[in-house]
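Report on one structure; see the data block that follows.
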Amino acid sequence: MKKLINHVDNIVNEMLDGMTAAHPNRLRRLEGTTVLVRKDAPVTGKVGIVSGGGSGHEPAHAGYVGPGMLDGAVAGEVFTSPTPDQVFEAIKAVDGGKGVLLVIKNYTGDVMNFEMAAELAEAEGIKVRQVVVNDDVAVEDSSFTSGRRGVAGTVLVHKIAGAKAAEGAALDDVHAAAESVIKNVKSMGMSLSPCTVPAAGKPGFTLGEKEMEIGTGIHGEPGVERTDIKPAAETAEILFNKVFQEMNMQAGDEAAVIINGLGSTPLMELYIFHHAIDRLLKEKDIRVEEAVVGEWMTSLEMAGVSFTMLKLDDTLKKLLDAPSNTVSWKRG
Amino acid sequence: MKKLINHVDNIVNEMLDGMTAAHPNRLRRLEGTTVLVRKDAPVTGKVGIVSGGGSGHEPAHAGYVGPGMLDGAVAGEVFTSPTPDQVFEAIKAVDGGKGVLLVIKNYTGDVMNFEMAAELAEAEGIKVRQVVVNDDVAVEDSSFTSGRRGVAGTVLVHKIAGAKAAEGAALDDVHAAAESVIKNVKSMGMSLSPCTVPAAGKPGFTLGEKEMEIGTGIHGEPGVERTDIKPAAETAEILFNKVFQEMNMQAGDEAAVIINGLGSTPLMELYIFHHAIDRLLKEKDIRVEEAVVGEWMTSLEMAGVSFTMLKLDDTLKKLLDAPSNTVSWKRG
Amino acid sequence: MITTGTAENWMENFKELILQNKDELTTLDQAIGDGDHGINMARGVQEMHAMLQEKTFETPGALLKAAAMVFISKIGGASGPLYGSALMKIAAEAGDKAELTDQDLLACLEAGKKAVQQRGRAETGEKTMYDVWDPIINTFRGEETIDWKAFKKAAEQAVDSTVDMHAKKGRAAYLGARSIGHTDPGAFSSRLFFEALADAAQEEN
Amino acid sequence: MITTGTAENWMENFKELILQNKDELTTLDQAIGDGDHGINMARGVQEMHAMLQEKTFETPGALLKAAAMVFISKIGGASGPLYGSALMKIAAEAGDKAELTDQDLLACLEAGKKAVQQRGRAETGEKTMYDVWDPIINTFRGEETIDWKAFKKAAEQAVDSTVDMHAKKGRAAYLGARSIGHTDPGAFSSRLFFEALADAAQEEN
Ligand SMILES: Nc1ncnc2c1ncn2[C@@H]1O[C@H](COP(=O)(O)OP(=O)(O)O)[C@@H](O)[C@H]1O
Ligand SMILES: Nc1ncnc2c1ncn2[C@@H]1O[C@H](COP(=O)(O)OP(=O)(O)O)[C@@H](O)[C@H]1O
Ligand SMILES: [Mg+2]
Ligand SMILES: [Mg+2]
Ligand SMILES: [Mg+2]
Ligand SMILES: [Mg+2]
């Protein structure tokens, strides 16, 4: 394990302090917590939005804290959901009187910890609503299981719910906007190499010199299929087809698209991958104004990519294009 | 070599098409070339700015094409300077009548190829001036050698020269602004793992499981010292001290700072690194409004980081803060 | 008979067993989860140990409630809320009794089991820690005194039963049928939880 | 005596030698540069070969000028402008003569050497390709006819002389003293350039 760190136990702490040190006019750390909030939180008269999860997915989630997106981000240990008390601190700090929306990625741990935090907040009279993002089509959908994972599509929930909240909308309306993204966003990823949780010291899985894994989760959860390494165009087709088949889209529809690097895949390769995706979009006659290509929801230093597509209607598009000014997502 | 690519010979081509496909309203590829220009190039009455170099440093340079920064970016093969004819095409396409500034990173190949392009352009009556960025203090400075390499500091030259040009300044003044950045910007990098030029198929160098290299160049050029792997804080101190010692800065001065990931170093580690840098800055009482932490001038999938510092005066600061709207650098 | 001292030994034994099996738990979680279960649990029990060093308690219930708070606020992940909620309900059931009979204890464990079920929305056979909690409590429900050897044996068997299960909850569920053939990490740590209790209770006698 | 055919053989021989030594050139460049010299040169000579297949030329000068244009526009890096500029000046010096005597050829090579020097701002002893061009041309300057065996030998020796040099130009200069002990890749490819010429000229005779 070769990492640019100091003590394994101090990673999240130093990372968070590094973030506030880098962005002192944007971010503030709640003392004694692992919560970063907007410098000016709480914003009176605006619904607060809190997200978060295990660390190791940077720029998620603190990179999306700021005007037009999140009010607070709660960081857990690497790949481990944060605890209820931390989430509760975030809720208290961002509540501007109109209540708080929790944006949770669908992992058992995240759901349970955020839920416990919501119980604590409600006990103190803060209005809280939750949404659970489950965009990863690599996992079979089923009401008998914990269901699909939340991955890069989460960022679009942040953006669109954030824009709705910035308009001054009520908690229920911000909640509805988030749900409408969740209903229409699907993702799928693949990996060429694993990643190493610092405290574990060894990779979460192994792949042969000529192997790749289709459907890997952002915590290195094993995927759905292990195959010989394929050309970028073929890989793009596998991910695209699976995502597309789960969406209800027609020729002429408009979509937002994220090409998300998982950590160590160079931007060069992400654009090569998008080159293939672009052809598939054109074949299906799906319109995309500008694809978002980069690292948005990573898995430490995993090599690989995920493809996310959100079906847009006029309302979603307007909210997506609305201004946001965060460290990692600037629009308008 | 595990890469998300199709044919090794088609990498740059597909990457460039992938970029225009992703950003059709921002970027335009000059047909039959490896040049990307602003969609609206040439901008009449504005000095054009062209940069470029070998590919593999994404988002440099096409990510910086747009209002407030570059007018054109010329891509060579991976880690290989583009040829004079390509640079010449870029110059012609962005000349809005006020001449063109070439921003060149100081590598023999880049200097020679851009110089030949300038000769071609001047022969056709286009005013061209050049600046050569040489911010890498890992290399000894000397007038008897080709001198220091150009690395991440180049992005600040793009930003500041771009802002000056956007003001409508004359070529000589844009040139002077660029030179003033070059005089005041220094960088140094280190690596934890090498990278593989796709056509070569094997890593450019090797490092032991417990080794790191100080002073590595962005093409995997061997650095100045190979040592046992050190904690992030100690590594930060080595890079900071070397950079600082080459700068003429006093307590109370203001600086711009870039923490640049070389490719596969997670953002988490870059912030941990910055956490250490921030302390060193505070010790010296150097003011930094917001540090720029991310991937700006990469080396394919190399693991490592570089530290860049630019001493600011009022003029440079104003230009740095001026609006820019490119794929990878948005301000104001 | 569970005194405050027994409760403390239970928790300290749990700490020891978790630390001894930390790598094993991580390895199990790497196979069908995200590889942090050993790390998570170790963090939790170490913090709990530190807390126990600092504070003294009058009743088993008070001690277990404090342990629950540490688990809730220090572990995170799936296991934090599950162990935390379970211990919280165990403590609530214990109330302010100074000593718990085996029957009291079984009522406590029943409450803990229900907490795991509710918090995790877990059913039996879904390959989670619930597949240790549920059969153990079912086996001993209604007994006057607990045969601690049999108790440990039951926990061990329950863990083994998870190997052939097809995971439906937790991260392992993402693997679908590929989860079959592996031991559930949370089931394994739950066995340690009950083993720690058995050892503490046996020492007592 | 260099005819158009000799010039073509020269370039085709160069192509063959580069392709045969592509990995070696890359390995040399990995040691003290960025590992692409073999790739760059291979790309250039293949494009040049394709061009030669397509076009026919009246004079050595015309052929070498066309080769220069390919090198300039297809290689990039440091070697593209250097070989391109050198061939451009060689072609200019050859003018429109149908045949070049050995003396004409030496004048051409002298012009090429100056182009390398100017374009690269190179001096002798700086561990670049100039350290092959300069000694070779100095050795044979003024000779009536070229002893091709000696010519090849001189090129080989010149390459070897770069091993002990401390690089001052090109990427290897970044290494400072650590560049000592390695052969300069561009010097090695320049030797192939001259070897290709010698082989073509000898065939001719
Ligand atoms: N819904 C659930 N109900 C009961 N137990 C669960 C549930 N989800 C997960 N678990 C238990 O939690 C264990 C994993 O814990 P841990 O690795 O610490 O958390 P995470 O999965 O968040 O990384 C699983 O092995 C399983 O026993
Ligand atoms: N300033 C220079 N003058 C003469 N030759 C040079 C100079 N700089 C580099 N070279 C030659 O170019 C060779 C490297 O070529 P190549 O690897 O293709 O380009 P790059 O260095 O741009 O990757 C060196 O080995 C050296 O012989
Ligand atoms: Mg976890
Ligand atoms: Mg090169
Ligand atoms: Mg886990
Ligand atoms: Mg080279």
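Any value given below was found using the heavy atoms of this structure, including those in side chains, with hydrogens, waters and symmetry copies removed.
Other residues, nucleotides and ligands contribute only 12 or fewer heavy atoms inside 6.0 Å of the CD atom of C:Glu54. The neighbour count for C:Arg141 CZ, taken as heavy atoms of other residues, nucleotides or ligands under 6.0 Å away, is above 12. Atom CD of A:Gln245 has more than 12 neighbouring heavy atoms from other residues, nucleotides or ligands inside a 6.0 Å radius. Other residues, nucleotides and ligands contribute only 12 or fewer heavy atoms inside 6.0 Å of the NZ atom of C:Lys89. Environment of NZ in C:Lys65: sparse, with no more than 12 heavy atoms of neighbouring residues, nucleotides or ligands closer than 6.0 Å. Heavy-atom neighbours of C:Gln20 CD from other residues, nucleotides or ligands within 6.0 Å: above the threshold of 12.
Interface residue A:Glu221: backbone and side-chain heavy atoms are both found under 4.5 Å from chain C. Heavy atoms of C:Ala42 lying under 4.5 Å from chain A are absent altogether. Neither the backbone nor the side chain of C:Glu123 has a heavy atom closer than 4.5 Å to any heavy atom of chain A. Residue C:Ile72 touches chain A through both its backbone and its side chain, counting heavy-atom pairs closer than 4.5 Å. Contact annotation for A:Asp85: only side-chain heavy atoms (C-beta onward) come within less than 4.5 Å of a heavy atom of chain C.
Interatomic distance, A:Met112 CE to C:Leu82 CG, rounded to the nearest 0.5 Å: 3.5 Å. Atom SG in A:Cys195 sits 9.5 Å away from atom CG in C:Asp34 (nearest 0.5 Å). Taking OH from C:Tyr174 and CG from A:Asn106, the interatomic distance works out to 5.5 Å, rounded to the nearest 0.5 Å. Interatomic distance, CZ of A:Phe79 versus CG of C:Asp29, reported as 12.0 Å (0.5 Å rounding).
At a heavy-atom cut-off of under 4.5 Å, chain A is reached by C:Leu175, C:Arg178 from residues 175-191 of chain C, listed in order of number. Interface with chain A: from residues 92-100 of chain C, no residue qualifies, criterion being any non-hydrogen pair under 4.5 Å.
Using a distance-only test at 3.5 Å, with no hydrogens or angles considered, no donor-acceptor pair links the side chain of A:Asp110 to the main chain of C:Gly77. At distances below 3.5 Å, not a single donor-acceptor pair connects side-chain atoms of A:Thr83 with backbone N or O atoms of C:Lys74.
Here the side chains of A:Thr80 and C:Arg43 are in contact, with some heavy-atom distance below 4.5 Å. Annotation: side chain of C:Arg171 is not in contact with side chain of A:Thr108 (no heavy-atom distance under 4.5 Å). Taking 4.5 Å as the limit, every side-chain heavy atom of A:Phe205 sits out of range of all side-chain heavy atoms of C:Gln30.
Ranked by heavy-atom pairs under 4.5 Å with chain A, the list C:Lys22, C:Arg119, C:Met69 is led by C:Arg119. Of the listed residues C:Gly170, C:Ala173, C:Ala172, C:Gly35, the one with more heavy-atom pairs under 4.5 angstrom with chain A than any other is C:Gly170. Ranking A:Gln86, A:Glu119, A:Arg148 against chain C, the residue ahead of the rest is A:Glu119, based on heavy-atom pairs under 4.5 Å.
Taking both residues in full, the closest heavy atoms of A:Met116 and C:Pro81 are given as SD-CB, 3.5 Å, listed atom of the first, atom of the second, then distance.
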